[in-house]
Number of protein chains: 2
Amino acid sequence: MAIGWSMSSKKITITDVAEHAGVSVTTVSLVLSGKGRISEKTAVRVNKAIEALGYIRNQQAAMLRGGGSNVIGLIVSDISEPFYAEVAAGIGEILDGQGKVLFLTQCGRNGRNLDRCFDSLSAYGVDGVIIGSGRFLNDVVKQKARDVRLPLVCAARASEFDDIDVIRPDNSLAAKVATEHLIKHGHRQIAYLGGEGGSLTRAERLGGFCAALLQYGLPFRPEWMVECDCRQQASAQAAQELLTHNPEITAILCHKASVALGAYFGVLGTGYTVGKDNNESYFTRQVALIGFGDVPEAELTNPPLTFISSSAREIGHSAANRLLQRIEMPDEPPQHIILPPKLIARGSV
Amino acid sequence: MAIGWSMSSKKITITDVAEHAGVSVTTVSLVLSGKGRISEKTAVRVNKAIEALGYIRNQQAAMLRGGGSNVIGLIVSDISEPFYAEVAAGIGEILDGQGKVLFLTQCGRNGRNLDRCFDSLSAYGVDGVIIGSGRFLNDVVKQKARDVRLPLVCAARASEFDDIDVIRPDNSLAAKVATEHLIKHGHRQIAYLGGEGGSLTRAERLGGFCAALLQYGLPFRPEWMVECDCRQQASAQAAQELLTHNPEITAILCHKASVALGAYFGVLGTGYTVGKDNNESYFTRQVALIGFGDVPEAELTNPPLTFISSSAREIGHSAANRLLQRIEMPDEPPQHIILPPKLIARGSV
DNA sequence: GTGAAAGCGCTAACAG
DNA sequence: CTGTTAGCGCTTTCAC
């Protein structure tokens, strides 16, 4: 009748461990943190007691008196946006190796809760915070961070601030590299497909795109830079239209993975083929494609599309590392870390 | 020379507030938690002091003495997997409305860190934990949860346990509903495309699929249930092969969004069309498509593919709500919450 | 090397 | 309605 049942409900504290090991709480604490010089023998005894009792140190209490909490806060608008999910994963990877953990908050797609998120993180005693969607970051929060001396770094998709640490991809360079790649493969008539007018990311990329065109003395055609809904079908249609109305176009730079995928099928739909024909047998018209992508291993691998990537995961890595540094040295001037793009050639050029 | 500079670095405590407001700490505490009945006047005075000083309550200290921490722990293998990201977002939405927050941990794609994640959450005093990837959940962790009396619920993609709360989609029913939908639209030769052999989710769906076939007296064809790489191109090829080798097939159930998308283009690639022709002019062969999808608003909307969804976000909602309930009433027997599927008809059938 | 004691900021009795 | 007081579990001087 399950009488000898484990009544273990009582919370086990450092005191219990000390008792069990026949030492003082101080000693246990010292062993836990590896600080004071403890004799090998007692250390072993203490550890054995910890094991036996299944003791788990109460971090809340620990940080109350001591210094850091080993918790990092993250604010994103919505974690289900792949970019932020990827950044979060990257941050997690770094933190993991450092015995630190991640506090996740979502401020909503409109950023409404940003202030509340920040206060929340602050209240829970995080050692620093990383903010994803920098576009919502306002001066109130920045000031608050300064007031409570809470390190704040921004993991962004585009350039945003100059008064805090920012980690971001080099959109402009990425576009330039991609465009040059196309030019070097003989393309002279290049279009840019996708994105919305108001997007900073798009603006930066178009900047790089134009820069490359100008540098190589190629014509600059506003009507070849077309916005479109990012969904595949829409992109496919847009690509098809673009190609039929402008038969001279031989290459398209695609604003994101789904656009590239759409364009891929759009090109096929026009009866053209994608990529360069290695055998130099130019019987059917070919269109080259390069897509921008945050998430290397994803959709673009199959069909094999050449793409230019600024890994969101790496942004997460850098942001985490930067924050950790800043926690150590809070008074350094803020810096921008701009991640270079990587071009992955895979046959569609 | 910035001499009168804000020296606000000192941490502001409840005591400071009490002093500033000319009341005792108790009163402040009471105002903060809205517990004791405090006179309107003092409440206002206290709030004013809080405002003036920019006081932020130290949650760590609060929970040390009091009960809950208002923190919920989440363990997923990798937050960048869209399913988990979506679940996390759903959880966040619920918690947000309750003044609670989310602690995110990642146990790695192989689940290696599961134990460590759990201990971490436990150490930080979460009120309960939601585990995503249940497939990694082991008895050690379950026992540990019981020992420390930490409510544990599992937000899963498929059925996994019976000794803890589980929230999961009804894969079998979803497949059944989808299949019946096809049958009712006159289809008799239906294939299932995608997924990997070892997948529990797939097994459950195939179960529902077969059940529906049998129920309607339709033939059961193992060779029409084909596995395939989930990437688009692979799926497109697989669909094309399937259709050319088996000309009698008129409908395909697709294991996930990317497979459906691939199949869509695969069908077009064979020269057939997708969907039902409303004008009853059956000149070209048509193939109907239904995809499974976790994320309603995503890829399947365009092209307009009919799909059957078990919203990952809703799983997050339910999991959060269930956990909150269980925190209130820890001794209820564990229950399974099985979310019904939703069929969204959009023209591809 | 190890222990005793004083808090960290807050809440929860119990008095007034 | 409001104040006094005693801890929550842990770290950290400062003695021994």
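In what follows, every chain begins at residue 1, and chains take the letters A, B, ... in the order their sequences are listed. Only a predicted model underlies this, so the values are computations on that prediction, with no experimental measurement involved.
Protein atom CG of A:Asp16 is 13 Å distant from nucleotide atom C1' of D:dC8, rounded to whole Å. D:dC10 atom P lies 12 Å from atom CE of B:Met63, rounded to whole Å. Atom CG of B:Asn58 is separated from atom C1' of D:dG9 by 14 Å (rounded to the nearest Å). Atoms CD1 (A:Ile14) and C1' (D:dC8) sit 13 Å apart, rounded to a whole Å. To the nearest angstrom, P of D:dG7 lies 17 Å from CG of A:Leu64. The CG-C1' distance, from A:Asn70 to D:dC10, rounds to 14 Å in whole Å.
A distance of 4.5 Å separates CD1 in A:Ile56 from CG in B:Asp119, rounded to the nearest 0.5 Å. B:Arg45 contributes atom CZ, which lies 10.5 Å from atom NE2 of B:His20 (distance to the nearest 0.5 angstrom). Going from atom CD1 of A:Ile130 over to atom CD1 of A:Ile75 covers 10.5 Å, rounded to the nearest 0.5 Å.
Applying the side-chain contact (heavy atoms from CB on, under 4.5 Å) test to A:Ile94 and every residue at least two apart in sequence or in another chain returns A:His317, A:Ala320, A:Asn321, A:Leu324.
Contacts between residues 49-57 of chain A and DNA chain D, defined by a heavy-atom separation below 4.0 Å, involve A:Tyr55, A:Arg57, listed by number.
Bounding nucleotides for the chain B contact on DNA chain C, 5' to 3', at a heavy-atom distance below 4.0 Å, are C:dG9 to C:dA13.
In this structure a side-chain-to-backbone donor-acceptor pair under 3.5 Å is missing from B:Ser122 to B:Phe118. Between the side chain of B:Ser318 and the backbone N or O of B:Ile167 there is no donor-acceptor pair closer than 3.5 Å. Here the side chain of A:Thr105 pairs a donor or acceptor atom with the backbone of A:Leu74 at under 3.5 angstrom. Looking at B:Asn47, its side chain never comes within 3.5 Å of a backbone N or O of B:Val44 through a donor-acceptor pair.
Side-chain contact annotation: A:Ser24 with A:Thr27, donor-acceptor N/O pair under 3.5 Å present.
Residue A:Thr13 has no polar side-chain atom (N or O) positioned under 4.0 Å from OP1 or OP2 of D:dG9. Contact check, A:Lys35 against D:dT11: no side-chain N or O comes under 4.0 Å of OP1 or OP2.
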Give the intermediate values and the outcome of salt bridge (charged side-chain N to carboxylate O under 4.0 Å, His left out) for residues B:Asp139 and B:Lys142.
CA-CA 5 Å; B:Asp139 290 331; B:Lys142 279 195 280 190; 3.6 Å; yes
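Comparing the helix axis at one end of the helix from C:dG1-D:dC16 to C:dG16-D:dC1 with that at the other, each defined from 5 consecutive pairs, gives an inter-axis angle of 30° (nearest 10°).
Within the structure, every pair that satisfies the salt bridge (Lys or Arg N to Asp or Glu O under 4.0 Å) test and touches residues 312-338 of chain A, not counting sequence neighbours, is listed here: A:Glu86-A:Arg313, A:Glu93-A:Arg313, A:Asp165-A:Arg322, A:Asp165-A:Arg326, A:Arg313-B:Asp78, A:Glu314-A:Lys342, A:Arg322-A:Glu332.
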Polar atoms only, N or O, under 3.5 Å: list the protein pairs with nucleotides 1-3 of chain D and their distances.
from, atom 1, to, atom 2, distance (Å)
D:dT2, OP1, B:Ser39, OG, 3.0
D:dT2, OP1, B:Thr42, OG1, 3.1
D:dT2, OP2, B:Ser39, N, 2.9
D:dT2, OP2, B:Thr42, OG1, 2.9
D:dG3, OP2, B:Ser24, N, 2.9
D:dG3, OP2, B:Ser24, OG, 3.2
D:dG3, OP2, B:Thr27, OG1, 2.5

